[in-house]
Amino acid sequence: MNFKEIEKKWQDIWEEGKYFVAQNGGNKEKYYILVEFPYPSGAGLHVGHVRSYTAQDAMARMKRMQGFNVLYPMGWDAFGAPAEQYAIKNHIHPKEAVKENIKTFKGQMKSLGFSFDWTREFSTTDPEYYKWTQWQFLQFYKHGMAYKDTIPVNWCPNCKTVLSNEDAAGGVCERCGTKVVQKEKSQWMLRMSDYSEDLLQGLNDTNFAEKVKLGQINWIGKSTGAHVDFKIKGTDKTFTVFTTRCDTLYGATYCVLAPEHEYVDEITTEEHREEVLEYKKNCLLKNEMERTELNKEKTGVFTGAYAINPVNNEEIPIYISDYVLASYGTGSIMAVPAHDERDYEFAKKFNLPIKQVIAKNFVGTGSSALRSDKQDTYRDVVVAVIKHPTEEKYLCVKNNKFGWINFVMGGIEKEETVVDAAIREIKEETGYSDIVIDHEMEFVYFDNFYAAHKDVNRHITAHTVVGKLKSLEQVAISSEEASINSLMWIDKDKLIDELSTPAHKYDAERTLNGEGAMVEDGVHVNSQELDGLNKQDAIDKMIAWLTEHKCGEAKVNYKMRDWIFSRQRFWGEPIPMIYCEKCGWQPMKEEDLPLLLPDVAEYEPTENGESPLANITDWVNTTCPCCGGAARRETDTMPNWAGSSWYFLRFMDAHNDKEFASMDAMKYWQRVDWYNGGMEHTARHLLYARFWVQFLYNYGLVPNKEMIWTRVSHGMVLGSNNEKMSKSKGNVVNPDDIVREYGADTLRVYEMFMGDYQQDAPWSTDSLRGCKRFIDKVIRLKDKVNNESGYSKDLENLIHKTIKKVTNDLGTMGYNTAVSALMILANALDEKETITRDDYHILLVLLNPIAPHVTEELNEQLGYSRICESEWPKYDEEKTIDNEKEIGVQVNGKLRASIKISVSDSEEVIKEKALQQDNVIKFTEGKEIVKVIVIPGRIVNIVVK
RNA sequence: GCCUAAGUGGCGGAAUAGGUAGACGCACAGGACUUAAAAUCCUGCGAGCUUAAUCACUCGUGCCGGUUCAAGUCCGGCCUUAGGCACCA
């Protein structure tokens, strides 16, 4: 069979017959399947595109046969940097290059037989389309959702261009390697942060995969906390900090403002001015990458000013540091070094006080649980973590009566320091006398337990000291002490396991892994009215207090920021705004849209980083829509994300020249039922698109607040070396080559069979050949077809099972197992001398969504009507049930035999059969049968003793 | 560091809801057909042990423990890899 000929033949038939053209309306139930439209790059279609387009194509073909009105559209997301770069180099308009690339892509897609509705095709670069992107921008503007703001951008001083974060990856310009710096620029912004909560809540009205939802939730980054106002000493000024832990306010020992904070200049004292200015200057030189680099040592300077802590009127110093970000919260923080790692690090470096306000609170369990009938005793205790003089071992004592293993510990006497108490206890309990105490740990903790050896409840405040022995010099210990404890040295790797009490394990952990800030939960201390409370109660109480005293309130913050909507590029949608000296920024009149990109031959950016459009004076100079005076156009263009934020709406009514899409059309299609795309787009693209839709919904322009129901993401097709395909690695597979050599159907089957659709999978040409063999087998099977109709009796069961399996799998992305099921059916047909027409026909129909060309051809040769006009086969549940089945027989959970059972067999019969098996008898003989578990149709397990 | 996903033969991967691990395919080996090759067909294919060959047995789904009659699947604790986020107070 000449697959080139038949592929062309059927592609033409489908197109001429308009089989895949969707109508807006009719009696059929609608179903909207969408794949992310591609950026038509010069490289042509990637085998990765083929994977997801085939998957959704299979689903679309099945759904159509099941009687749905399926919309499966395709278009082009063609604005973007590569076309612009190409234009700069070759001095041709990017739209020419885009036209070429689209032609290539479309040809490739057609050669693969995808059932797209090409009548709805468009490109985001078509003026008929971007007219509406511009129109929607004007709606954003008119509703106060678009505004201008000055924000820092990545700037390459060498190329003199603004770089996207992607192009500035690693802090250097992608093209020339120059260090990227920050430059202030006035940009259009969309108030996306206003929609944070709606975007979060809206996820409940979607059926996105859980990991997709999580990606969105993380990106939105909601955190609940409080605002706290701090007065600045000696002024009438106040600044506000955002904190999620207002309960630790008593532990705030300093404040930090972002270097960009508006108060910095005002509050800095003369004495510190020079230093502060210097620090601010250095920050500007750094780019975002350097500033946020992990493990970077904290830097900062003191402003000379003091803030007043509202809860206790303590004066605490105000620093500036770049670890506080101007763009999050209020751009200023209260620092609680005892309980925040960053603050701790900063405090250590600048020698600032660290004040504990939360203490870990251990409560005994089991035999050491507090007893209500026992006396409560309270004491301060020292715990000594003492290292061996030469080895990596720690000194512990084992209680001879109870077997407890602990560090040396004991009560602190009146008038005694913690260190003195430690040295005394060590001497008394172990006799070691050559001790150096290195330090006392910063944080005390509580331990509460019933002390069996004293028969009282103990409530301990533990002070931990860390030290070592200089030598093993020992003095004699009292016989009484010797009878209570025996000393032991425990290796550091076993220490945590061997110690008996959680509190001592905790001491060991902090000793071995570093002390740092105390970030765990506990009870409040040193916090007056909060003392003894847990975290949540303390937060609630503090918020109430702050609110009452008008120096703070509950506050929710989101990481998600407003959308920077300007790009200093040529190849994007022009922003339809005009600047007039008299009237300020004015929107273009809607009837003047679209604002077309000019036809010129130079696309170089300007010296000062303006969009290339700024050089095109004819285009820039215009008149003010308001006063008619001379004015200038905005020269920035929209980001790539703009056009793709609403394209799925346009597909519902692709050629409407009155509206972006009619409400009738949108109400008919309602929403995208199934949206497939790459994992890399699940955070940003999806969030932008949802934001766009929610905005339109709020102004009555779309029928639903969420217009996408299910979102799934596909895995990548990797090179055969298991790495991402790239030219430089030489592992790129061109789908054209595969189609030419093996045919479109083979490529489609292979890409569906290669592995779990949602997982990455490496390319394997060997495996592809296996799929070719499968197709060849299907073709050969035609020779076995006899004149009988109806299914062969002995195949009936398998056929019904296969229909069920394929139907389910194509609806749940189990493409690889669907292909596998079809291979099993084909093998079964192959085993027979002859097969009926219907045996063969069902195989063709079930395989058709994945391999449409060859199956239509064989089907036609057999004299059936076209598959694309047929109904999807149904299965009879009754007939999918096996009459006979082989199940395993286990003895004590180990497989010993298998038996054939029939559906009609009762449990008793099955039990009987199982027990009669030779090998079962071997393992049950002479043993008591405790019970026999029969799981119908699955397994028998005989439990013996 | 945090979040997410995933670790199963030589390889890609199967395994409803805990119930015969390795479906299906690839690769490999042996054989048939052929003058020969390709194509096709047949047989074998986790490891070990045993056997003349079978049968049987033991181990086996990243590691350690647990729950259960029964664990790739559930629970606890780790390790590794990939992707995303990253000083978010």
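Per chain, numbering begins at 1; letters A, B, ... match sequence-line order. Model, not experiment: these values are computed from the prediction.
Around CD of A:Q758, the count of heavy atoms belonging to other residues, nucleotides or ligands within 6.0 Å exceeds 12. Within 6.0 Å of CD on A:E877 lie more than 12 heavy atoms contributed by other residues, nucleotides or ligands.
Closest non-hydrogen pair, A:V47 versus A:V733, comes out as CG1-O, 3.7 Å.
Atom CD of A:E341 and atom C1' of B:G1 are 8 Å apart (whole Å). Between A:L822 atom CG and B:A14 atom P there is a gap of 16 Å when expressed in whole angstrom units. The distance from atom CD1 of A:I775 to atom P of B:A39 is 17 Å, rounded to the nearest whole Å. The separation between A:K894 atom NZ and B:A56 atom P is 16 Å, rounded to whole Å. Per the geometry, CD belonging to A:E680 stands 18 Å off P belonging to B:A5, to the nearest Å. Rounded to whole Å, atom C1' of B:G83 lies 14 Å from atom NE2 of A:H681. Across the protein-nucleic acid pair, A:Q759 atom CD and B:U4 atom C1' stand 12 Å apart, rounded to whole Å. Taking atom CD1 on A:I779 and atom P on B:A39, their separation rounds to 16 Å, with Å as the unit.
Rounded to a whole angstrom, the distance from the P atom of B:A5 to that of B:A89 is 22 Å. Comparing the C1' positions of B:C74 and B:C55 gives a spacing of 36 Å, expressed to the nearest Å. As rounded to the nearest Å, B:U61 and B:U80 have C1' atoms that lie 16 Å from one another.
Taking 4.0 angstrom as the limit, A:S223 places a side-chain polar atom (N or O) nearer than this to OP1 or OP2 of B:A89. A close approach under 4.0 Å does occur between a side-chain nitrogen or oxygen of A:R780 and OP1 or OP2 of B:C41.
The aromatic rings of A:Y254 and A:F346 lie parallel to each other, their planes meeting at an angle below 30°, with 60° marking the opposite boundary. Between A:Y750 and A:W763, the two ring planes are perpendicular [angle over 60°; tilted spans 30° to 60°]. Aromatic ring pairs are classed by plane angle as parallel below 30°, tilted from 30° to 60° and perpendicular above 60°; the pair A:H681 and A:W641 is perpendicular.
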Show the distances under 3.5 angstrom between N or O atoms of the protein and N or O atoms of nucleotides 68-71 of chain B.
| unit_1 | atom_1 | unit_2 | atom_2 | d |
| --- | --- | --- | --- | --- |
| B:C69 | O2' | A:N941 | ND2 | 3.1 |
| B:C69 | O2 | A:N941 | ND2 | 2.6 |

Bracket string, RNA chain B, 5' to 3' - pairs by Watson-Crick or G-U geometry under 3.5 Å, | interstrand: (((((((..(((......[....))).(((((.......))))).(((........)))..(((((..]....))))))))))))....

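Ring centroids of A:F239 and A:F230 are separated by less than 6.0 Å, placing the two rings close together. Taking the six-membered ring for Trp and the full ring otherwise, A:F753 and A:Y815 have centroids separated by 6.0 Å or more.
A salt bridge links A:K913 with A:D905; the closest basic N to acidic carboxylate O contact falls under 4.0 Å. The pair A:R780-A:D776 fails the salt-bridge criterion, with no side-chain N (NZ, NE, NH1 or NH2) lying under 4.0 Å from an Asp/Glu carboxylate O.
Comparing A:K298 and A:V940 by the nucleotide of RNA chain B whose heavy atom lies nearest to each, the residue mapping closer to the 5' end is A:V940.
Across B:G12, B:U40, B:A89, the shortest atom-to-atom separation from the side chain of A:T243 is found for B:A89. Considering only the side chain of A:A761, B:G13 comes nearest among B:G13, B:A89, B:G19. Of all nucleotides listed (B:C87, B:A21, B:U4), B:C87 comes nearest to the side chain of A:Y323. The A:N218 side chain lies nearest to B:C3 when the options are B:C3, B:A56, B:U40.
Among the atoms of the strands shown, none is found under 4.0 Å from any heavy atom of A:D776. Using a 4.0 Å heavy-atom criterion, one finds that A:D343 contacts no nucleic acid atom at all.
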Would you give a per-nucleotide map of nucleotides 23-30 of chain B, 5' to 3', where B means the base has a protein non-hydrogen atom under 4.0 Å away, S means only the sugar-phosphate does, and - means neither? BBSSS---

